[in-house]
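Here is the naming used below: chain letters follow the sequence lines, and residue numbers restart at 1 for every chain. Here the structure is a predicted model, which is why all the values come from computation and not from measurement.
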Protein chains: 2
Amino acid sequence: MQRLDQVAGNRSRVRKRDSLFWPGDPFTALYAIGLGTFKTVVLTEDGREQVTGYHMAGEIVGLDGIGNDRYVCQAVALEDSEVRVLLFDQLAELAHHVTALRHNLYRFISNEICRGQNMMLLLGSMRAEERLALFLLNLAQRYQTRGYSSCEFVLRMTREEIASYLGLKLETVSRSFSRLQGEGLIQVQGRAIKLLDSSALKQLVGQRC
Amino acid sequence: MQRLDQVAGNRSRVRKRDSLFWPGDPFTALYAIGLGTFKTVVLTEDGREQVTGYHMAGEIVGLDGIGNDRYVCQAVALEDSEVRVLLFDQLAELAHHVTALRHNLYRFISNEICRGQNMMLLLGSMRAEERLALFLLNLAQRYQTRGYSSCEFVLRMTREEIASYLGLKLETVSRSFSRLQGEGLIQVQGRAIKLLDSSALKQLVGQRC
DNA sequence: CGCACGGTTGACCTGTATCAAGCCGGGTGG
DNA sequence: CCACCCGGCTTGATACAGGTCAACCGTGCG
């Protein structure tokens, strides 16, 4: 696995608001996020955008490009970040010789499919508060696996981006935050979030979900 | 590519309403649909279901299982169908030696990601009629690439399944069908659909999408 | 034949969108 | 250093798409 460094190249810095790639760009590489957070968005014909992913350190973006030789979404840094560029040809070649890497590659790609299915579930059948609760719980879990606090974190997205991600409007997101806070389930201070009652949040999600 | 038959085993029949796999089943195989159609659904804790895919001959289901060693969704035959069972271990082994197959495997998995992103776009930002129009256009295109009529086909899902797939309720789907028919864009006779004005449908989708 | 299931349609309700006003905090320029 | 401005956020009032409930229809099957 250390041979990953061969293909990994150096860490490369990405400034806030900069993009790793744009829809239509020829697919050449995956990007392993070393530091920071990214959103992925797909653009509609009339210029609106739908946020399809919120990615943090340790995750990989660009997987959607493999199938088409072009990226279909855009990956935008939500803060100053660092990524490793994994040139796909080299990565695939290395994966060809290293079993563990090969399995992991399959795994990463497939997990992205599961993530998509979960988002479909969220977007297709949950109400606003439930979507937000699930979003927060999901973040909490991902922070936890990274060794950070699972009940206190800072969002890197604006209300509008969260809204797009959750298939809502920003006012609805704002209201949902307020309502969850009013019910004592979370504490909100701008983008700083504290989960006060995770089990109640889970129950909220479990009900209709 | 003919060697695919080695791993493909025989065509196996699946009766309408039967499932290829259930959520939680250990992942062993992909299924190449030879004949018929399948829906994939994810089940919610309280027993409700969200349709996440509508798959037809020539497509592959089960890709979501690779990452977890378990299937996360359920694949249900919507009519009597035939599939080829592709045992994944064997398939991966063969892909290891056959470049073209390897590329195709990556491609299939990755395309599933794109499909997910498009569904997120649909579920997150389109109104009922637009969702239905896009759904029909998508079907038309897939029938066309298979050599069937692109403007006349029979749906294999109930209104309720379509509704779940599109994040709506069955009554809304029914009304949307009626409205599109009233506007002269399609002709509906139960599950038999005729597209009368594809370009208008595309325009409808393009507007808000 | 008649039942059951899928589909359509109508009336009404509600959750979310839309429109609008105002707040807050941080960065900039006078 | 302060005033101002601007982007992000909250909150209220109202509109509307889609959900809900209910009645009815058609058809295919036991």
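- Of all nucleotides listed (D:dC9, C:dT8, D:dG8), D:dC9 comes nearest to the side chain of A:R159.
- Rounding to whole angstrom units, CD of residue A:E129 and P of C:dT14 are separated by 16 Å.
- For the pair B:L168 CG and D:dT20 C1', the interatomic distance rounds to 14 Å; values are reported in whole Å.
- In this structure, A:Q181 places its CD atom 15 Å from P of D:dC9, rounding to the nearest Å.
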>> Output one letter per nucleotide in nucleotides 25-30 of chain D: B when a protein non-hydrogen atom lies under 4.0 Å from the base, S when only the sugar-phosphate is that close, - when neither is.
In response: ------

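- In this model, the phosphate group of C:dA17 is approached by a side-chain N or O of A:T172 to a distance below 4.0 Å at OP1 or OP2.
- In summary, of the residues considered (A:F27, A:Y71, A:Y31), a ring-ring contact (aromatic ring centres under 6.0 Å, His included) with A:F88 occurs for A:F27 alone.
- For the side chain to side chain donor-acceptor pair (under 3.5 Å) test, residues two or more places apart in sequence or in another chain that qualify with B:R13 are B:E82.
- With sequence neighbours excluded, no residue satisfies side chain to side chain donor-acceptor pair (under 3.5 Å) with A:Q181.
- Going from atom CZ of B:R127 over to atom C1' of D:dG19 covers 15 Å, rounded to whole Å.
- Recorded end-axis angle for the helix from C:dC1-D:dG30 to C:dG30-D:dC1 stands at 30°, based on five pairs per end and rounded to 10 degrees.
- In this entry the distance linking CZ of A:F177 with P of D:dT11 reads 12 Å, nearest Å.
- With sequence neighbours excluded, the residues that form a side chain to side chain donor-acceptor pair (under 3.5 Å) with B:R179 are B:E129.
- For B:R115, the salt bridge (Lys or Arg N to Asp or Glu O under 4.0 Å) partners at least two apart in sequence or on another chain are B:E112.
- Between the P atom of C:dT16 and the NZ atom of B:K169 lies a distance of 12 Å, rounded to the nearest Å.
- For the OP1/OP2 pair of C:dT9 and a distance below 4.0 Å, the side-chain nitrogens and oxygens of B:S178 include at least one atom meeting the criterion.
- Pairs engaging residues 49-58 of chain B under the side chain to side chain donor-acceptor pair (under 3.5 Å) rule: B:K39-B:E49, B:T40-B:T52, B:T40-B:H55 [sequence neighbours left out].
- There is a side-chain donor-acceptor pair under 3.5 Å between A:N138 and A:R142.
- At the heavy-atom level, B:L170 lies under 4.0 Å from base atoms of the strands shown.
- For B:R70, the salt bridge (Lys or Arg N to Asp or Glu O under 4.0 Å) criterion is met by no residue, not counting sequence neighbours.
- In this structure, CG of A:L78 is placed 16 Å from C1' of D:dG7, rounded to the nearest angstrom.
- Residues passing the side chain to side chain donor-acceptor pair (under 3.5 Å) test with B:Q74 are B:S19, sequence neighbours excluded.
- Among the protein residues, A:R191 comes within range of the sugar-phosphate backbone only, with heavy atoms under 4.0 Å from sugar or phosphate atoms but none that close to a base.
- A side chain to side chain donor-acceptor pair (under 3.5 Å) with B:T37 is found for one member of B:E59, B:E79, B:K16 and no other, namely B:E79.
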Return all side-chain donor-acceptor pairs below 3.5 angstrom for residues 184-191 of chain B, not counting sequence neighbours, or 'none' if the list is empty.
none

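- With sequence neighbours excluded, no residue forms a salt bridge (Lys or Arg N to Asp or Glu O under 4.0 Å) with B:R175.
- At whole-Å resolution of the value, CD in B:Q189 and C1' in C:dG6 are 15 Å apart.
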Identify all pairs in which a protein N or O lies below 3.5 Å from an N or O of nucleotides 19-22 of chain C, and state each distance.
unit_1: C:dC19; atom_1: N4; unit_2: A:E171; atom_2: OE2; d: 3.2

